[in-house]
Structures are given as C-alpha cells and as structure tokens.
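Inspection log for the structure reproduced underneath, given as structure tokens.
The model shown is predicted, which means the values in this text are computed figures rather than measured ones. Because only heavy atoms are used, hydrogens play no part in the values below, and waters and symmetry mates are left out as well, while side chains stay in.
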Amino acid sequence: MSGQWAGPESGQCMIGSHPGGLSLTRRLFALAGMTPPGRVLDLGAGKGEAVRHLREQGYQAKGVDLLYRKPAEQESLVFGDMRAIPFPDGSMDLCLAECSISGCGDGPAALGEAFRVLRQGGSLLLSDVFFHRGKAPSLSMPGPLGMDCWRSAFREAGFEVRGLVDETPLWREFYLESLWNGNADPACFDFFREAARAGCGYFLAWLWKGGDDGTV
C-alpha cells in the first residue's frame, strides 16, 4: 500500500465499542495483509472482544485498558495505560488501536508507546475519527484533529503510513444507530453534536515501524 487516501468501502455497522465492530477489526488486518501467528496488543481493549477473537484466530493476543480490573479468568487482559504500556520494548509484532488513541488523553504519547513496544518491522493498525472543518475538536491531539494532524503525529512517532482508508460511512451508521437503538451513553451526546458540526469522519490506517533503528 502507498499510504494514499482511498475511498470508503461499504460494510455492516456493528454497534459496540467502536464503529464496525469485529468486521472492522478483520478489515484492518486485511488492509495490512496480516495473518497468524503473531504477538498482538490491543490498546484500549475494553472487555476484550477483539482480543478473544484474535486468540481464536491463532494470534498471541493481549489487551490493555484502564476501564476495568483484570478478571481472574481472563489473563489476556491487563489493567494499564496505553500512554505507559506495561510491556517491554520490541515485545509485540502488532498493536491494535480501534477508536482509542483520540480519547486516551495524550495521543502522541500513546503513539510513541505503541512504537516502543513494537519490534522492528512491526505494525500499528489504527481506526479513529478525524474532522473536515477548521473549527474541529482536538480531543487527545495537539491541534484540531484533521488528517494533517494525524499524519504529523504518525510521522513524529516514527511511523510510516502504509495504508489509509476513508470509512466515514461507518461513523455515520454508528452515530445514527447508536441514537436510534439507545446504545449511546448520554455523556456522548455533546460530542456527537460537536462532531457533526465539525464534519466528523472515520478512517483506517496501517502504520509501519521500519528501518534497523526504527527510522523510516
């Protein structure tokens, strides 16, 4: 993949912790041509749905999240902060961040930590929001969260963009179905309104940690 912006694909929206649900997770792995085995870390894993799915596919998958305490029966889930990942340098083949970087409190720190724990030649698969209009929210990033802001953050963390796909229709479906089905947390309503005014979109990205010393 060249890292050029691609057009949206149609896909079923599965309301859950992020637009697209597990169908989007599968599309992210297909974007990068990833197949098991491999050591995968899900950043912002929630209750571990994607981790369970990936382990069933044959990956050595773990998840890290601040929103729960690790259940004793789920050793693959770790209570921790994606801004200070509790794993050693170069210990992962792949990191997954589905709609989590923009809401973590410090997006550049999370990207830097993902880069640190990946081996040379490892990948970060990421899906998240962006905004089309100038008066856009910053969320966890240093400036208005347009695609230029994301590209700059990827570059500063050390990543090369190998693939980038516009999936804005999934965000629209997620937004509308969340409201219609009553799945949206009332605390999200203000963000939904602000996102709509700023022209919210959604994207998938395949980021690569290349070079012998992590440079690209």
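- Sorted by first then second residue, the ring pair (Phe, Tyr, Trp, His ring centres under 6.0 Å) pairs that include residues 26-54, not counting sequence neighbours, are Phe29-Tyr59.
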Let me see the working for Trp206 and Leu125 under side-chain contact (heavy atoms from CB on, under 4.5 Å), right down to the final yes or no.
CA-CA 5 Å; Trp206 169 26; Leu125 300 182; 3.8 Å; yes
Could you check Lys47 against Glu49 for salt bridge (charged side-chain N to carboxylate O under 4.0 Å, His left out), going step by step and ending with a plain yes or no?
CA-CA 6 Å; Lys47 295 181 180 179; Glu49 181 182 13; over 6 Å; no
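- Rounded to the nearest 0.5 angstrom, Leu111 CG and Met141 CE are separated by 5.5 Å.
- Across Val51, Asp93, Leu118, Ile85, a single residue satisfies side chain to side chain contact (heavy atoms under 4.5 Å, CB included) together with Leu41, and that is Ile85.
- Of all non-hydrogen atoms in Cys149 and Gly143, the two that sit nearest each other are SG-O, 3.9 Å.
- Considering only heavy atoms from C-beta on, Glu156 stays 4.5 Å or farther from Pro108 through its side chain.
- Distance check, rounded to the nearest 0.5 Å: OG1 of Thr25 to CG of Asp42 gives 7.5 Å.
- Taking CG of Asp81 as the start and CG of Asp106 as the end, the distance is 9.0 Å to the nearest 0.5 Å.
- Of the candidates Val165, Leu164, Asp166, Leu164 is the only one forming a side chain to side chain contact (heavy atoms under 4.5 Å, CB included) with Phe203.
- Rounded to the nearest 0.5 Å, atoms CZ (Arg26) and CG (Leu54) are 10.0 Å apart.
- Residues Val40 and Met34 fail the side-chain proximity criterion, which asks for heavy atoms closer than 4.5 Å.
- Summarising the geometry of Cys104 relative to Ala110, their closest heavy-atom pair is SG-CB, 3.8 Å, with the distance given to 0.1 Å.
- Counting heavy atoms from C-beta outward, Val161 and Leu207 have side chains that approach closer than 4.5 Å.
- Among all heavy-atom pairs drawn from Ser102 and Val129, the shortest one is OG-CG2, 4.0 Å.
- A 4.5 Å side-chain heavy-atom check between Phe115 and Leu124 finds every atom pair outside the cut-off.
- Between Gln120 and Lys209 the shortest side-chain heavy-atom distance falls below 4.5 Å.
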Set out, in order, the CA-CA distance, both residues' side-chain angles and the distance that settles side-chain contact (heavy atoms from CB on, under 4.5 Å) for Phe154 and Leu126, then state yes or no.
CA-CA 11 Å; Phe154 297 156; Leu126 182 148; 4.2 Å; yes
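- One N or O on the side chain of Arg55 and one on the backbone of Ala61 form a donor-acceptor pair closer than 3.5 Å.
- Contact annotation: the side chain of Phe131 approaches that of Pro137 to within less than 4.5 Å [non-hydrogen atoms, C-beta and beyond].
- The shortest side-chain heavy-atom distance between Asp128 and Trp150 falls under the 4.5 Å cut-off.
- Considering all non-hydrogen atoms of both residues, Glu98 and Ala50 come closest at OE1-CB, 4.0 Å.
- Between Ser127 and Glu167, every side-chain heavy-atom pair lies at or beyond the 4.5 Å cut-off.
- Sorted by first and then second residue, the salt bridge (Lys or Arg N to Asp or Glu O under 4.0 Å) pairs with a member in residues 107-118 read Asp89-Arg116, Glu113-Arg116; sequence neighbours excluded.
- Residues satisfying the ring pair (Phe, Tyr, Trp, His ring centres under 6.0 Å) test with Phe87, not counting sequence neighbours, are none.
- Rounded to the nearest 0.5 angstrom, Asp65 CG and Ser100 OG are separated by 8.5 Å.
- Scanning both residues, Leu43 and Cys95, for their nearest heavy atoms gives CD1-CB, 4.3 Å.
- In this structure, OG in Ser140 is found 8.0 Å from CZ in Arg83, a value given to the nearest 0.5 Å.
- Between Val64 and Pro86, the closest heavy-atom pair is CG2-CD, 4.0 Å.
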